[in-house]
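Below: one structure, written as structure tokens.
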Amino acid sequence: MATFAPMMLIFPITFLLLITIQQSKAALHAHYYDQTCPQAEKIVSETIRNASIYDLKVPARILRMFFHDCFIRGCDASVLLDSTPQNQDFLTNISLGSFYVMDDAKAKLEKACPHTVSCADSGEPYWDLLKGRKDGRVSKASETINLPAPTFNVTQLIQSFSNRGLSVKDMVALSGGHTLGFSHCSSFESRLRNFSCQHDIDPSMNLELARNLRNTCPKPNVDRNAGQVLDSTSSTFDNYYYKQLVVGRGVFGSDQSLFGDFRTRWIVGAFANNERLFFREFASSIVRLGSVGVIENGEVRVKCRVVN
């Protein structure tokens with residue numbers, strides 16, 4: 001079982017911070033910064049590790065940030081851009097956090113290796129991640145519609161991931177990132193009341209969980225911060241997320257649907273029974289996600305929040 005701050009958590013975080021997009025995929029390789037900034041991996045890993053000591057939510061937040069960034073436009077750090085008077089369409093996602101960690105790591109990288117390592121490029125020493133990407137200049141809030149919704153069924157999930165060149169197994173493995181997740185009530189409350197003409201509560205949800213969530217998310221709900229962790233061991237990166245799906249305790253409808261569909265049930269079962277298998281497949285799928293989308297004309301931002 002992996003605890004909250006191991007390299008298993010650090011690698012996707014590092015990956016987001018250091019990922020750059022080059023003019024061709026052939027230019028990406030694992031040792032891109034060996035000559036130009038050999039200390040990059042150490043700088044980023046130490047920054048994230050130190051931040052995680054003071055805020056245990058950092059790994060989960062940056063893993064989520066990584067997924068959102070890569071899934072929408074490819075890993076070009078567009079998710080880090082602030083809105084400006086000149087461009088009000090920059091992506092602002094209130095569900096994301098820990099941007100200050102990115103700012104801190106980038107400032108240290110600029111001091112050590114000016115104008116070399118992009119906000120998007122990463123080098124995790126324990127994973128054979130490809131590097132050599134450039135930062136994007138565009139971030140459109142409207143494009144968040146392309147993220148998989150918590151109400152999706154398996155067919156919709158498969159199509160969404162397939163559009164980005166990711167397989168069914170990738171989809172199920174990457175969903176395991178919810179082992180560190182938290183959701184506000186708005187993302188799952190449709191399962192708790194008036195679910196359908198036949199059922200008040202989503203029948204695929206464990207009744208005890210449903211009752212507890214109805215107490216957490218009452219109607220009306222005056223607490224905007226109310227919500228639920230997506231895994232009862234949410235401070236640990238493990239396979240318990242899948243074990244909960246097997247017994248109907250998935251919080252999102254999209255998560256629970258993975259166990260309800262024959263195309264994905266067997267993968268959920270395999271990951272629930274074998275944590276090492278999940279770790280291995282998650283790592284492979286993160287690498288493939290990091291290869292989604294390559295822009296031809298990018299830059300190396302000096303500050304991650306603004307284009308040069």
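Since the structure is predicted, the reported quantities are computational estimates derived from the model, not experimental observations.
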Worksheet item: Between OH of Y100 and CZ of R61, what distance do you get to the nearest 0.5 Å?
Response: 7.0 Å
Fill in: Which residues share a side-chain contact (heavy atoms from CB on, under 4.5 Å) with N206, sequence neighbours left out
E208, L209, R249
Fill in: Residues F66, C75; criterion side chain to side chain contact (heavy atoms under 4.5 Å, CB included); working and verdict
CA-CA 8 Å; F66 168 80; C75 306; 4.2 Å; yes
Worksheet item: Which atoms form the tightest heavy-atom contact between V58 and S52, and what is the distance?
Response: CG1-OG, 3.7 Å
Worksheet, complete the sentence: Minimal heavy-atom distance between L157 and S254, with the atoms involved, is CD1-O, 3.7 Å
Worksheet item: Do F188 and P150 come within less than 4.5 Å of each other through their side chains, counting heavy atoms only?
Response: no
Practice prompt. Could you tell me which non-hydrogen atom of Q256 sits nearest to which non-hydrogen atom of G250, and how far apart they are?
Written response: OE1-N, 2.8 Å
Practice prompt. Using distance alone, with no hydrogens and no angle criterion, decide if D238 and T179 have a side-chain donor and acceptor under 3.5 Å apart.
Written response: yes
Item to complete: Output the distance between atom CD1 (I48) and atom CD1 (I53), rounded to the nearest 0.5 Å.
Response: 12.5 Å
Worksheet item: Does any non-hydrogen side-chain atom of C304 lie less than 4.5 Å from one of F99?
Response: no
Discussion item. If we ignore hydrogens and angles and just use 3.5 Å, is the side chain of K303 paired with the main-chain N or O of D103 as donor and acceptor?
Written reply: no
Item to complete: Report yes or no: does T47 contribute a side-chain atom to a donor-acceptor pair with the main-chain N or O of S45 at less than 3.5 Å?
Response: no
Item to complete: Quick one: pull up OG1 in T216 and CG in D223 and give me the separation to the nearest 0.5 Å.
Response: 10.0 Å
Worksheet item: Hey, does P148 have a side-chain heavy atom less than 4.5 Å from the side chain of F71?
Response: yes
Discussion item. Hydrophobic clustering (ILVMFWY, side-chain heavy atoms < 4.5 Å, transitive) - are V268 and F279 grouped together?
Written reply: yes
Fill in: Reported OG1-to-CD1 distance for the pair T144 and I72, which is rounded to 0.5 angstrom
6.0 Å
Fill in: Q228 side chain to V251 backbone, donor-acceptor under 3.5 Å
no
Discussion item. Same cluster or not: F182 versus L213, using hydrophobic residues (I, L, V, M, F, W, Y) connected whenever any side-chain heavy atoms lie under 4.5 Å apart?
Written reply: no
Worksheet item: Mind checking whether V246 and Y240 sit in one hydrophobic cluster, side chains of I, L, V, M, F, W, Y counted as touching below 4.5 Å?
Response: no
Worksheet item: So how far is it from L258 CG to F252 CZ, rounded to the nearest 0.5 Å?
Response: 12.0 Å
Worksheet item: Can you check whether L81 reaches R137 side chain to side chain, under 4.5 Å on heavy atoms?
Response: no
Worksheet entry | Which atom of Y242 lies closest to which atom of V172, heavy atoms considered | OH-O, 2.7 Å
Worksheet item: Okay, side chain of D69, backbone of M65: is any donor-acceptor separation there less than 3.5 Å?
Response: no
Worksheet item: Which heavy atom in A77 sits nearest to a heavy atom in D135, and how many Å separate them?
Response: CB-OD1, 3.8 Å
Worksheet item: Under the side chain to side chain donor-acceptor pair (under 3.5 Å) criterion, do Q159 and N163 qualify, and how do the steps go?
Response: CA-CA 6 Å; Q159 185 62 58; N163 289 344; 2.7 Å; yes
Practice prompt. Answer yes if L245 and V168 sit in the same cluster of Ile, Leu, Val, Met, Phe, Trp and Tyr residues linked by side chain heavy atoms under 4.5 Å apart, and no otherwise.
Written response: yes
Worksheet item: Are any non-hydrogen side-chain atoms of V300 and T116 less than 4.5 angstrom apart?
Response: no
Worksheet item: Going through the checks in order, is the salt bridge (Lys or Arg N to Asp or Glu O under 4.0 Å) test met by R214 and D200?
Response: CA-CA 12 Å; R214 289 177 79 155; D200 186 32; 3.2 Å; yes
Worksheet item: So which of F67, F237, F271 actually passes ring-ring contact (aromatic ring centres under 6.0 Å, His included) with F282?
Response: F237
Practice prompt. Check step by step if side chain to side chain contact (heavy atoms under 4.5 Å, CB included) holds for E281 and I267.
Written response: CA-CA 11 Å; E281 294 297 337; I267 308 174; over 6 Å; no
Response to the item:
For residues 152-170, the salt bridge (Lys or Arg N to Asp or Glu O under 4.0 Å) pairs (sequence neighbours left out) are D170-R288
Item to complete: First locate atom OG of S160, then atom CG of L166, and finally report the distance between them rounded to the nearest 0.5 Å.
Response: 9.0 Å
Discussion item. Pair Y33, C113 - check side chain to side chain contact (heavy atoms under 4.5 Å, CB included), show working.
Written reply: CA-CA 10 Å; Y33 294 109; C113 314; over 6 Å; no
Practice prompt. Taking all non-hydrogen atoms of both residues into account, name the closest pair between S190 and F195 and its distance.
Written response: O-CD1, 3.6 Å
Practice prompt. Verify the cluster assignment for M171 and W266: are they in a single hydrophobic cluster under the rule of side-chain heavy atoms below 4.5 Å apart?
Written response: yes
Practice prompt. Check the pair S232, Q244 against side chain to side chain contact (heavy atoms under 4.5 Å, CB included), reporting the backbone distance first and the verdict last.
Written response: CA-CA 9 Å; S232 58; Q244 292 193 151; 2.9 Å; yes
Practice prompt. Determine whether V306 and R301 make a side-chain contact, defined as any pair of heavy atoms from C-beta on separated by less than 4.5 Å.
Written response: no
Discussion item. Quick test of your reading: applying salt bridge (Lys or Arg N to Asp or Glu O under 4.0 Å), list the pairs with at least one residue in residues 172-192, sequence neighbours left out, ordered by first then second residue.
Written reply: E189-K219, R191-D202
